Visitor: 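Can you keep this structure in mind? I'll have questions shortly.
Everything quoted here is computed from the prediction, not taken from an experiment.
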Amino acid sequence: LTETIYPSHILQFDLAMAKEWLSQRLSGERFVHSLGAHEKAAELAEKFQLSLEDCRRAAIAGLLHDTAKLLSPSELYGYCDEHGLEVHEIDRQTPQTLHPFVGADMVRRLLHIEDAEVLDAIRYHTTGRAGMSRVEQIVYIADKIEGNTRNPLYVQKVTANLNFRDVRSLDATMRFILDSTITFLIDKSQIIHPRTIEARNDVLARLKKLQSSKA
Ligand SMILES: [Fe+2]
Ligand SMILES: [Fe+2]
């Protein structure tokens, strides 16, 4: 692949090549999970009737979201140092939140993807953030509910929030996942990344606004 994938070229992106490329980087179950997230993200984007470009963005980011998943914490820090990616103190305490940033940088440099929405959907698939786009939300959700490796009972609870006739049900679905993630982290006495709290407060505010406009 030589051509750089700018937003205007997103429909020409070679998914078959990207799958082959990813299979060299991820082992069995991780690769199967990525294919599941790819299919689920494409399915959600299509069912919510996103634009053709956004459907393709969701499919690409779903496939590539865990590109850096097999790197150890020290390899992730090493990569960030080498390529000038910022690492905050909180990221040192939660190294699993670094693989999305390293992964986004890898696909930018190695697959020449410059599409900001694709890169952001990869960057925020673990913690979420305030003000997520629909593509970011879909990739975040697809990662948690893909059909190949995720717990079917949890998937069922999450998907109960989805209503394909109303794209705003993505906010309710995000809220459900963020709440259950935060509860899980509290139960396990683990650190909660501030971006996860911000993401949760943001969807909560969006949902409250929607409720008050209905009342
Ligand atoms: Fe991940
Ligand atoms: Fe994942």
Visitor: Mind checking the CD-NZ spacing from Gln24 to Lys19? Nearest 0.5 Å is all I need.
Guide: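 If I round to the nearest 0.5 Å, the distance is 15.0 Å.
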Visitor: Apply side-chain contact (heavy atoms from CB on, under 4.5 Å) to Tyr140 and Ile138, showing your working.
Guide: CA-CA 5 Å; Tyr140 179 96; Ile138 280 174; over 6 Å; no
Visitor: Is there a donor-acceptor pair under 3.5 Å between the side chain of Asp66 and the backbone N or O of Lys69?
Guide: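 The answer is no, because no donor-acceptor pair under 3.5 Å joins these two groups.
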Visitor: Do any N or O atoms from the side chain of Thr94 and from the backbone of Ile90 form a donor-acceptor pair under 3.5 angstrom?
Guide: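 Side chain of Thr94 to backbone of Ile90: a pair is present.
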Visitor: For the CD atom on Glu53, are there more than 12 heavy atoms of other groups (residues, nucleotides or ligands in this structure) within a distance under 6.0 Å?
Guide: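 Enclosed: over 12 neighbouring heavy atoms sit under 6.0 Å from CD of Glu53.
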Visitor: With a distance cut-off below 6.0 Å to the six-membered ring centre and an angular limit of 45° from the axis, does Arg134 pair with Phe48 as a cation-pi contact?
Guide: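 Not flagged: Arg134 not positioned over aromatic ring of Phe48.
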Visitor: Quick one: does any side-chain atom of His83 pair with a main-chain N or O of Cys80 as donor and acceptor, under 3.5 Å?
Guide: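 No, His83 side chain to Cys80 backbone: no donor-acceptor pair under 3.5 Å.
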Visitor: If I compare all heavy atoms of Ala58 with all of Ala41, which pair ends up nearest, and what's the gap?
Guide: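 Smallest heavy-atom distance, with atoms named: O-CB, 3.4 Å.
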Visitor: Please say whether more than 12 non-hydrogen atoms of neighbouring residues, nucleotides or ligands are located less than 6.0 Å from CZ in Phe164.
Guide: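 Yes.
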Visitor: Going only through I, L, V, M, F, W and Y residues with side-chain contacts under 4.5 Å, is there a path from Met17 to Ile10?
Guide: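 Same cluster.
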Visitor: Donor-acceptor pair, Arg56 side chain versus Leu11 backbone, under 3.5 Å?
Guide: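 The answer is yes, because a donor-acceptor pair under 3.5 Å joins these two groups.
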Visitor: Distance-only, no hydrogens or angles: does the Thr67 side chain make a donor-acceptor pair with backbone N or O of Gly103 under 3.5 Å?
Guide: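 Side chain of Thr67 to backbone of Gly103: no pair is present.
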Visitor: Using only heavy-atom distances, determine whether the side chains of His193 and His88 contain a donor-acceptor pair under 3.5 Å.
Guide: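 No, because no side-chain N or O of His193 sits under 3.5 Å from a partner of the opposite role on His88.
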Visitor: For Asp105, give me all partners under side chain to side chain donor-acceptor pair (under 3.5 Å), at least two apart in sequence or on another chain.
Guide: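 By the side chain to side chain donor-acceptor pair (under 3.5 Å) rule, Asp105 matches Tyr79, Arg108, Arg109.
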Visitor: For the pair Asp202 and Arg129, find out whether any cationic side-chain nitrogen is under 4.0 Å from an anionic carboxylate oxygen.
Guide: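 Salt bridge between Asp202 and Arg129, a charged N being under 4.0 Å from a carboxylate O: no.
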Visitor: Does some side-chain heavy atom of Arg150 sit less than 4.5 Å from a side-chain heavy atom of Asp143?
Guide: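 Answer yes - side chains close enough.
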Visitor: Could you walk me through whether Ser27 and Leu70 satisfy the side-chain contact (heavy atoms from CB on, under 4.5 Å) test, starting with their C-alpha distance in whole Å, then the side-chain angles of each, then the deciding distance to 0.1 Å, before giving a yes or no?
Guide: CA-CA 8 Å; Ser27 66; Leu70 291 188; 4.2 Å; yes
Visitor: Inspect the surroundings of CD in Gln49 and state if more than 12 heavy atoms from other residues, nucleotides or ligands are less than 6.0 Å away.
Guide: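 For Gln49, atom CD is not crowded (no more than 12 foreign heavy atoms under 6.0 Å).
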Visitor: With a 4.0 Å cut-off on N to O distance, would you call Glu43 and Lys40 a salt bridge?
Guide: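 Looking at Glu43 and Lys40, the cut-off is met.
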Visitor: Quick one: pull up CZ in Arg57 and CG in Leu52 and give me the separation to the nearest 0.5 Å.
Guide: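 So the gap between those two atoms works out to 10.5 Å.
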Visitor: Leu207 and Val167: same hydrophobic cluster, using ILVMFWY side-chain contacts below 4.5 Å?
Guide: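 Looking at the clustering, Val167 is in a separate group from Leu207.
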Visitor: Looking only at side chains, do Ser133 and Glu117 share a donor and an acceptor under 3.5 Å apart?
Guide: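 Yes - a donor-acceptor pair under 3.5 Å links their side chains.
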Visitor: Using modelled atom types and a 3.5 Å cut-off, is there a donor and acceptor pairing between side-chain atoms of His99 and backbone atoms of Ala68?
Guide: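 Not confirmed, His99 side chain does not pair with Ala68 backbone.
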Visitor: Can you name the nearest heavy-atom pair linking Ser34 to Leu22, along with the distance?
Guide: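 It is CB-CD2, 3.7 Å.
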Visitor: What I want to check is whether the side chains of Glu146 and Thr149 have a donor and an acceptor closer together than 3.5 Å.
Guide: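 Yes.
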Visitor: Is the shortest side-chain N to carboxylate O distance from Arg168 to Asp171 below 4.0 Å?
Guide: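 No, Arg168 and Asp171 are not salt-bridged.
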Visitor: Kindly give the heavy-atom pair with the smallest separation between Gly62 and Ala37, and that separation in Å.
Guide: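 Between these two residues, the closest heavy atoms are O-CB, 3.6 Å.
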Visitor: Given 3.5 Å as the limit, does a donor-acceptor pair link the side chain of Ser72 with the main chain of Glu75, or not?
Guide: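 Answer holds: yes.
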Visitor: Is it the case that atom CD in Glu86 sees more than 12 heavy atoms from other parts of the structure closer than 6.0 Å?
Guide: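 No.
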Visitor: Checking His65 against His38 for the side-chain contact (heavy atoms from CB on, under 4.5 Å) test, could you report, in this order, the C-alpha distance in whole Å, the side-chain angles of both residues, the deciding distance, and whether it holds?
Guide: CA-CA 9 Å; His65 75 284; His38 161 61; over 6 Å; no
Visitor: Any sub-3.5 Å donor-acceptor pair from Lys157's side-chain atoms to Leu153's backbone N or O?
Guide: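 No; zero donor-acceptor contacts below 3.5 Å.
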Visitor: So, His33 and Asn148: side-chain donor and acceptor under 3.5 Å apart, yes or no?
Guide: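 The answer is no; no qualifying pair exists.
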Visitor: Please answer whether the main-chain N or O of Thr127 pairs with a side-chain N or O of Thr196 as donor and acceptor at a distance below 3.5 Å.
Guide: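 Indeed, once roles are kept as given, a pair shorter than 3.5 Å links the two residues.
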Visitor: Could you grab the distance from atom CD1 of Ile192 to atom CG of Leu185, nearest 0.5 Å is fine?
Guide: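 If I round to the nearest 0.5 Å, the distance is 5.5 Å.
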Visitor: Going by the side-chain contact (heavy atoms from CB on, under 4.5 Å) test, name the single residue among Val158, Ile145, Leu44, Leu178 that passes it with Thr173.
Guide: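 The passing option is Val158.
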Visitor: Identify the heavy atoms of Tyr77 and Arg92 that sit nearest to each other, and give their distance.
Guide: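 Tyr77 and Arg92 have their closest heavy atoms at OH-O, 3.1 Å.
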Visitor: Trp21 versus Leu110: any side-chain heavy-atom pair under 4.5 Å?
Guide: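 SC-SC contact between Trp21 and Leu110 confirmed.
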Visitor: On a heavy-atom basis, which atom in Phe101 and which in Arg195 lie closest, and how many Å separate them?
Guide: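 What the structure gives for the nearest pair is CE1-NH2, 3.4 Å.
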Visitor: OG1 of Thr97 to NE2 of His125: how many Å apart, nearest 0.5 Å?
Guide: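 The NE2 atom of His125 is 10.5 Å from OG1 of Thr97, to the nearest 0.5 Å.
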Visitor: Going hydrophobic residue to hydrophobic residue with side-chain gaps under 4.5 angstrom, can you get from Val118 over to Leu64?
Guide: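 Same cluster: Val118 reaches Leu64 through Ile, Leu, Val, Met, Phe, Trp or Tyr contacts under 4.5 Å.
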Visitor: Are Met174 and Val135 linked, directly or through other ILVMFWY residues, by side chains that come within less than 4.5 angstrom of each other?
Guide: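 Met174 clusters together with Val135.
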Visitor: Check whether any side-chain heavy atom of Asn151 sits under 4.5 Å from a side-chain heavy atom of Val155, and report yes or no.
Guide: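 Of all side-chain heavy-atom pairs linking Val155 with Asn151, none is under 4.5 Å.
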Visitor: Can you confirm whether Arg206 sits close enough to Leu210 that some side-chain heavy atom of one is under 4.5 Å from a side-chain heavy atom of the other?
Guide: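 No, their side chains stay 4.5 Å or more apart.
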Visitor: Hey, any chance Phe31 and Ile60 share a hydrophobic cluster, counting ILVMFWY side chains that come within less than 4.5 Å of each other, even indirectly?
Guide: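 Yes, Phe31 connects to Ile60 through the hydrophobic network.
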Visitor: Phe176 vs Tyr154 aromatic rings, parallel, tilted or perpendicular, using cut-offs 30° and 60°?
Guide: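 Ring orientation of Phe176 relative to Tyr154: tilted.
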Visitor: Any chance you could measure Gln137, atom CD, to Tyr124, atom OH, to the nearest 0.5 Å?
Guide: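 That separation rounds to 14.5 Å.
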Visitor: Just verifying a value: how many Å separate Asp81 CG and Leu76 CG, rounded to the nearest 0.5 Å?
Guide: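 Rounded to the nearest 0.5 Å, the CG-CG separation comes out at 11.0 Å.
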Visitor: Provide the closest heavy-atom pair for Ser180 versus Ile177 in the form atom of the first, atom of the second, distance.
Guide: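 For Ser180 versus Ile177, the nearest heavy atoms are OG-O, 3.0 Å.
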